[in-house]
Amino acid sequence: MLTRKQHELVCFINDRLTETGVSPSFEEMKEALDLKSKSGVHRLISALEERNFIRRLPNRARALEVLRMPERSEKAPPAPRANVKAAAIREPANDVVEIPLHGRIAAGVPIEAFEGTSMLAVPAALLGSGEHYALEVSGDSMVEAGILDGDYALVRRTDVARDGEIVVALIEETEATLKFFRREGAMVRLDPANRAYDPQRYTPAQVRVQGKLSGILRRYD
């Protein structure tokens, strides 16, 4: 059985994740629950973790995941909705996540896959659920999709894709490319987003999906 404050907090976190995809900050939680200090928030979060209602996500400054919600029989007031909007206005979501940066990926002719690994700091708001990594884009075959040479492709790990999705495709286990994924009869077709390039066709055995594009990070010097 949760306490009143524990119930309010898990509902508040769940509402924010549903609305924005980003966990509220400790300051937002403190104000929403009308607590005097952030130490009270830490105690509530620890209690919810022990009861398996939430868990902290690795490699993120303040990311939380709601594992389950209280049973309907657990009576408690709803989360303070008015404070959600006020807190969101006062403090923008600015969590930063470090994800692996696996070298360069071709948006033109395929190049050798995953040339080394470092870390890239990415705003958490650009990522959804799941495990992510980044690749630096090389080439111009995806320019009509707004993906430019030098951009960072933010990729969610998965080995499945639907027609029309932009994927990282590993070709014959040696070369990776960023393309639209399509099935064409018994073949897999990887489509560019540049009229100067032709589609690439492979057998399913030659292509392995390594992830789907979640977003693009662009730096301006």
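- For the residue pair I216 and A153, the shortest heavy atom distance occurs at CD1-CA, 3.8 Å.
- Note: Y152 OH to L120 CG = 6.0 Å, rounded to the nearest 0.5 Å.
- Side chains of Y197 and D140: a donor-acceptor N/O pair is present below 3.5 angstrom, by distance only.
- In this structure, L178 CG and I105 CD1 are separated by 5.0 Å, a value rounded to the nearest 0.5 Å.
- Using modelled atom types, one finds no donor on one side chain facing an acceptor on the other under 3.5 Å when comparing S46 with E49.
- No side-chain donor from either of T3 and K5 sits under 3.5 Å from a side-chain acceptor of the other.
- Taking every heavy atom of both residues into account, A193 and A145 meet most closely at CB-N, 3.7 Å.
- Between A121 and L217, the closest heavy-atom pair is O-CD2, 4.0 Å.
- The distance from atom CG of L17 to atom CD of E65, rounded to the nearest 0.5 Å, is 8.5 Å.
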Are L148 and V137 close enough, and set up right, to give a side-chain contact (heavy atoms from CB on, under 4.5 Å), and what steps lead you there?
CA-CA 7 Å; L148 308 182; V137 175; over 6 Å; no
Pair Q6, R51 - check side-chain contact (heavy atoms from CB on, under 4.5 Å), show working.
CA-CA 10 Å; Q6 290 168 358; R51 290 165 174 78; 4.1 Å; yes
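- Summarising the geometry of L9 relative to V41, their closest heavy-atom pair is CD2-O, 4.5 Å, with the distance given to 0.1 Å.
- Looking only at side-chain heavy atoms (C-beta outward), L154 and L213 stay at 4.5 Å or farther from each other.
- The closest side-chain heavy-atom distance from L101 to L135 is not below 4.5 Å.
- Tracing side-chain contacts under 4.5 Å through hydrophobic residues (I, L, V, M, F, W, Y), one reaches L2 starting from L33; they form part of the same cluster.
- No side-chain donor-acceptor contact under 3.5 Å links E50 to the backbone of A47.
- In this structure, R183 and R189 have side chains that are not in contact, with every pair of non-hydrogen atoms separated by 4.5 Å or more.
- Using a 4.5 Å heavy-atom threshold, the side chains of H7 and R4 count as separate.
- Taking 4.0 Å as the cut-off between side-chain N and carboxylate O, D151 and R218 count as a salt-bridged pair.
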Intermediate values then yes/no, salt bridge (Lys or Arg N to Asp or Glu O under 4.0 Å), R182 and D191:
CA-CA 7 Å; R182 301 189 191 281; D191 287 346; 2.9 Å; yes
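- Distance check: H132 NE2 to S214 OG gives 3.5 Å after rounding to the nearest 0.5 Å.
- Under the side-chain contact (heavy atoms from CB on, under 4.5 Å) criterion, E131 pairs with R157, not counting sequence neighbours.
- When side chains are defined from C-beta on, M29 counts as touching I45, because their heavy atoms get closer than 4.5 Å.
- Note that CG of D159 is 8.5 Å distant from CZ of R208, once rounded to the nearest 0.5 Å.
- Note: M187 CE to T203 OG1 = 6.0 Å, rounded to the nearest 0.5 Å.
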Residue pair F181, I166: steps toward the side-chain contact (heavy atoms from CB on, under 4.5 Å) verdict:
CA-CA 6 Å; F181 177 89; I166 298 176; over 6 Å; no
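- Residues A169 and L190 come closest through the heavy atom pair CB-CD1, 3.8 Å.
- For D149, the side-chain contact (heavy atoms from CB on, under 4.5 Å) criterion is met by R104, S138, not counting sequence neighbours.
- Side-chain contact between Y133 and Q210 is present, with heavy atoms from C-beta onward closer than 4.5 Å.
- Contact of the M69 side chain with the F53 side chain is not registered, since no non-hydrogen atoms from C-beta on lie closer than 4.5 Å.
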Please report the C-alpha distance between L35 and L44 in whole Å, then the side-chain angles of each, then the deciding distance to 0.1 Å, and finally whether the side-chain contact (heavy atoms from CB on, under 4.5 Å) criterion is met.
CA-CA 11 Å; L35 298 174; L44 290 172; 3.9 Å; yes
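- Contact annotation: the side chain of V160 never approaches that of K212 to less than 4.5 Å [non-hydrogen atoms, C-beta and beyond].
- Residues I13 and V66 come closest through the heavy atom pair CG2-CG2, 3.9 Å.
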